[in-house]
**Q** 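Dropping the structure in here first, questions after.
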Amino acid sequence: QVQLVESGGGLVQAGGSLNVSCAASGRTFRSNAMGWFRQAPGKEREFVALIKWSGSSANYADSVKGRFTISRDNAKNTVYLQMNNLKPEDTAVYYCAAKRFTGDYYYQGSYDYWGQGTQVTVSS
């Protein structure tokens, strides 16, 4: 069984920063890529960022590009999302997800494992 555990969410003022992390564990954990998604109240869950375990390929939603940075620590099976210059519209529950196979990286339905989510609240 694969488990993804997010941590690091919280309350921050607009313009501030937060770093959320996602630790993956499991007897045979192998994935092609890790993604971050978020869901704001009353809205659908949306793609935020992804990173592949091999190479340095990372991709971002336009709404966070230049403010958020995704990174990984392969030895720890952990992925991080550094969020800078946060805005009230970034308020959401942030989920990490693991994808076993290539392709459809922006489609949440193609991710195999999900964490429980961590709340990020940005006050104005």
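Here, residue 1 is the first one in the sequence, and each next residue gets the next number. Owing to the predicted nature of the structure, the values given are computational and were not obtained by experimental measurement.
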**Q** Using the ring of each side chain (for Trp, its six-membered ring), is F37 parallel, tilted or perpendicular to Y111, with breaks at 30° and 60°?
**A**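 Ring orientation, 0 to 90° scale: perpendicular.
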
**Q** Could you verify whether a donor N or O on one side chain and an acceptor N or O on the other, from T102 and N32, lie under 3.5 Å apart?
**A**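 There is no such pair (donor and acceptor under 3.5 Å, judged by atom type) between the side chains of T102 and N32.
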
**Q** Identify the heavy atoms of S63 and R38 that sit nearest to each other, and give their distance.
**A**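 Where S63 meets R38 most closely, the heavy atoms are OG-NH2, 3.5 Å.
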
**Q** How about S7 and S21: does a side-chain donor come under 3.5 Å of a side-chain acceptor?
**A**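 Distance-only check passes for S7 and S21.
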
**Q** The test is side chain to side chain contact (heavy atoms under 4.5 Å, CB included); show your working for N19 and L81 and say whether it passes.
**A** CA-CA 6 Å; N19 188 294; L81 186 68; over 6 Å; no

**Q** Strictly distance-based, threshold 3.5 Å: is any side-chain N or O of S110 a donor or acceptor partner for the main-chain N or O of Q108?
**A**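 Between the backbone of Q108 and the side chain of S110 there is no qualifying donor-acceptor contact (under 3.5 Å).
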
**Q** Look at the side chain of D112 and the backbone N and O of R100, then say whether any donor-acceptor pair between them is shorter than 3.5 Å.
**A**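 A pair under 3.5 Å: yes.
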
**Q** Do D62 and K65 meet the salt-bridge criterion of a basic N to acidic O distance under 4.0 Å?
**A**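 Judged by the 4.0 Å cut-off on N to carboxylate O distance, K65 and D62 do form a salt bridge.
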
**Q** Give me the atom names and distance for the closest heavy-atom approach of M34 to C22.
**A**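 Of all heavy-atom pairs spanning M34 and C22, the closest is CE-SG, 3.9 Å.
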
**Q** Mark yes or no: R45 above the aromatic ring of Y95, with NZ or CZ under 6.0 Å from the six-membered ring centre and no more than 45 degrees from the axis.
**A**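 Positive - R45 is close enough to the ring of Y95 and near enough to its axis.
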
**Q** Determine, step by step, whether D90 and R67 satisfy the side chain to side chain contact (heavy atoms under 4.5 Å, CB included) criterion, reporting the C-alpha distance in whole Å, the side-chain angles of both residues, the deciding distance to 0.1 Å, and the verdict.
**A** CA-CA 11 Å; D90 294 318; R67 300 187 297 121; 2.7 Å; yes

**Q** Determine whether a donor-acceptor pair (N or O, by modelled atom type, separation under 3.5 Å) exists between the side chain of K99 and the backbone of G103.
**A**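 Indeed, once roles are kept as given, a pair shorter than 3.5 Å links the two residues.
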
**Q** Which heavy atom of V93 sits nearest a heavy atom of G117, and at what distance?
**A**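 Between these two residues, the closest heavy atoms are CG1-CA, 3.8 Å.
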
**Q** Is it the case that the side chain of T118 and the backbone of G9 share a donor-acceptor pair, with hydrogens and angles ignored and the cut-off at 3.5 Å?
**A**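 Yes: the side chain of T118 pairs with the backbone of G9.
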
**Q** Any idea which heavy atoms bring V12 and L18 closest together, and the distance?
**A**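 Looks like CG1-CD1, 4.0 Å.
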
**Q** So which heavy atom on S17 is nearest to which on N84, and how close?
**A**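 Looking at all heavy atoms of both residues, the closest pair is OG-OD1, 2.9 Å.
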
